[in-house]
Student: 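The structure follows.
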Amino acid sequence: MASESFANAGFVTISDGVYYKDRRGVAESTSPNGTNAQTMPPPQVVLIFGWMGAQLRHLNNYTRSYDKLYPNATQVLVRSEAHFWWMSARAKRRQLQSIADVLNSLGCLPLPKDDFSHATSNEAKLQHPRILTHVFSNGGAMQCAALGKLFATNRSGPSISPLAVSAIVLDSCPSGATFNSIRRAFTAAVPSPAVRYLAIVFSYGLHLFHSLFWVLSGKQIDRLEVLKRDLFNPHVLPWMDSKTPRLYIYSRGDAVIPWTQVEEHVNASKENGLNVHSELFQDSQHVAHMRANPERYWRAVIDVWERAFTRSIEN
């Protein structure tokens with residue numbers, strides 16, 4: 001039923017867990033149909049990475065908001081499932097290939113079409129692509145970073161033209177790997193008590209496996225610590241650089257991702273010379289900040305996009 005309503009909203013499934021709404025044929029509007037009028041050109045593409053286990057009906061709250069805010073923006077939505085955590089790097093790249101193909105077909109990447117095995121013609125390359133990326137929780141951030149690594153394996157040289165306009169929103173992420181954060185991440189989206197119990201057992205097993213592996217091999221495979229380092233990369237996605245505005249949205253009331261860990265990443269990102277902005281809520285739960293205060297939430301998103309365009313003009 002959720003997939004049917006998503007199709008009715010204009011989305012098509014392009015691969016497992018990846019959905020696409022093409023708005024290229026819609027005439028460019030001078031201002032969005034949201035409650036906040038803007039003077040800056042809207043993004044041409046909104047790329048959304050959902051949180052682990054997020055249902056389509058929950059993600060649809062964000063896609064509908066983007067429909068109102070930026071009605072001319074093509075949307076690409078990526079769902080995050082638990083099995084992505086233990087997939088090999090090659091399997092991750094294979095799963096995310098369809099996103100690269102779509103972005104290439106939209107003309108967002110400065111790549112010849114032969115660089116991706118399934119890519120379509122890139123004749124309509126955007127000279128100055130405008131891309132807004134919206135990432136939810138560690139699950140979405142991990143897929144975002146994996147997509148960036150996919151691009152890195154397919155080309156070399158500079159990431160993209162400095163005339164590209166981009167911004168990224170990091171909602172409820174990142175955090176380090178504590179047992180409680182892993183357990184809560186795997187059980188937060190599970191409605192059934194029986195299945196939740198199995199998820200808790202699984203999280204215990206995963207934590208035990210990691211601990212034994214570190215002891216026996218002497219190698220750390222702390223994926224969340226790797227993720228935090230990946231997000232420090234100015235070119236985590238090929239259209240980003242150190243000046244790309246980054247908005248962290250997080251809350252003291254988040255029981256899954258400790259706000260202090262997000263704030264540590266915010267401060268470290270600033271120290272690394274990244275263009276960082278933050279919005280700290282007080283009582284909202286994990287990935288529920290928009291529901292707690294939608295006006296404040298979307299105002300922050302609009303502001304970070306306007307900073308991106310202002311920065312491109314200044315360059």
Side-chain angles (χ1 to χ4, degrees), residues 1-26 32-34 42-85 87 91-109 116-120 122 124 126 129-148 150-151 166-173 189 237-239 287 290-291 298 301:
M1 186 67 81
S3 298
E4 182 179 342
S5 64
F6 229 53
N8 292 338
F11 280 90
V12 296
T13 303
I14 57 175
S15 65
D16 184 24
V18 181
Y19 308 86
Y20 171 54
K21 180 189 288 189
D22 190 347
R23 304 292 289 174
R24 285 176 294 177
V26 178
N33 295 329
Q44 292 155 315
V45 178
V46 176
L47 177 59
I48 304 170
F49 292 93
W51 62 94
M52 185 187 299
Q55 299 179 34
L56 286 178
R57 61 188 177 89
H58 295 145
L59 294 171
N60 203 23
N61 293 328
Y62 295 90
T63 63
R64 283 199 306 262
S65 294
Y66 273 121
D67 282 338
K68 295 177 181 178
L69 198 60
Y70 302 122
N72 305 111
T74 290
Q75 294 185 36
V76 181
L77 172 68
V78 188
R79 295 183 69 185
S80 173
E81 299 296 346
H83 65 264
F84 194 82
W85 278 62
M87 290 171 63
K92 289 177 180 178
R93 290 195 295 268
R94 187 165 56 247
Q95 179 167 326
L96 298 174
Q97 180 68 51
S98 63
I99 308 170
D101 294 343
V102 163
L103 293 173
N104 192 43
S105 71
L106 291 170
C108 294
L109 305 175
F116 292 109
S117 57
H118 306 294
T120 58
N122 201 15
L126 301 175
R130 306 191 302 266
I131 307 173
L132 174 59
T133 306
H134 201 137
V135 176
F136 292 93
S137 195
N138 286 336
M142 188 171 292
Q143 288 186 307
C144 176
L147 180 65
L150 167 64
F151 290 132
S166 70
I168 186 168
V169 179
L170 298 162
D171 183 320
S172 306
C173 65
L237 290 170
W239 48 85
V287 296
M290 188 271 285
R291 190 170 67 229
W298 291 112
V301 172

Student: With no hydrogens and no angle check, just 3.5 Å: does a side-chain donor-acceptor pair link Y62 and N60?
Tutor: no

Student: Taking the side chain as C-beta and beyond, is there a heavy-atom pair between V78 and I99 under 4.5 Å?
Tutor: yes

Student: How far does CG of L59 sit from OG of S80, to the nearest 0.5 angstrom?
Tutor: 10.0 Å

Student: Is the closest side-chain heavy-atom distance between Y19 and L56 below 4.5 Å?
Tutor: yes

Student: For the residue pair Q75 and D67, confirm or rule out a side-chain donor-acceptor distance under 3.5 Å.
Tutor: yes

Student: A side-chain contact here means heavy atoms from C-beta on lying under 4.5 Å apart; do K92 and M142 qualify?
Tutor: yes

Student: Can you tell me how far the CD atom of Q97 sits from the CG atom of N104, to the nearest 0.5 Å?
Tutor: 9.5 Å

Student: Who passes side chain to side chain contact (heavy atoms under 4.5 Å, CB included) against S15, sequence neighbours left out?
Tutor: V18, S98

Student: List the residues meeting ring-ring contact (aromatic ring centres under 6.0 Å, His included) with Y66, not counting sequence neighbours, and say none if there are none.
Tutor: H134, W298

Student: Could you tell me if the side chain of I131 sits less than 4.5 Å from the side chain of Q44, heavy atoms only?
Tutor: no

Student: Look up atom CG in N138 and atom CD in Q143, then write down how far apart they are to the nearest 0.5 Å.
Tutor: 12.0 Å

Student: Using a 3.5 Å distance criterion without hydrogens, assess whether the side chain of R79 forms a donor-acceptor pair with backbone atoms of G53.
Tutor: no

Student: Hey, does P42 have a side-chain heavy atom less than 4.5 Å from the side chain of R130?
Tutor: yes

Student: For a 4.5 angstrom cut-off between non-hydrogen side-chain atoms, does V135 reach D171?
Tutor: no

Student: Checking Y20 against D22 for the side chain to side chain donor-acceptor pair (under 3.5 Å) test, could you report, in this order, the C-alpha distance in whole Å, the side-chain angles of both residues, the deciding distance, and whether it holds?
Tutor: CA-CA 6 Å; Y20 171 54; D22 190 347; 3.2 Å; yes

Student: Got T74 and V46 here, is their nearest side-chain heavy-atom distance under 4.5 Å?
Tutor: no

Student: Checking T133 side chain against L47 main chain: does a donor-acceptor pair fall under 3.5 Å?
Tutor: no

Student: Heavy-atom distance under 4.5 Å between the side chains of L170 and F49, does that happen here?
Tutor: no

Student: Is a side-chain donor or acceptor of S166 paired with a backbone partner of W239 at a separation under 3.5 angstrom?
Tutor: yes

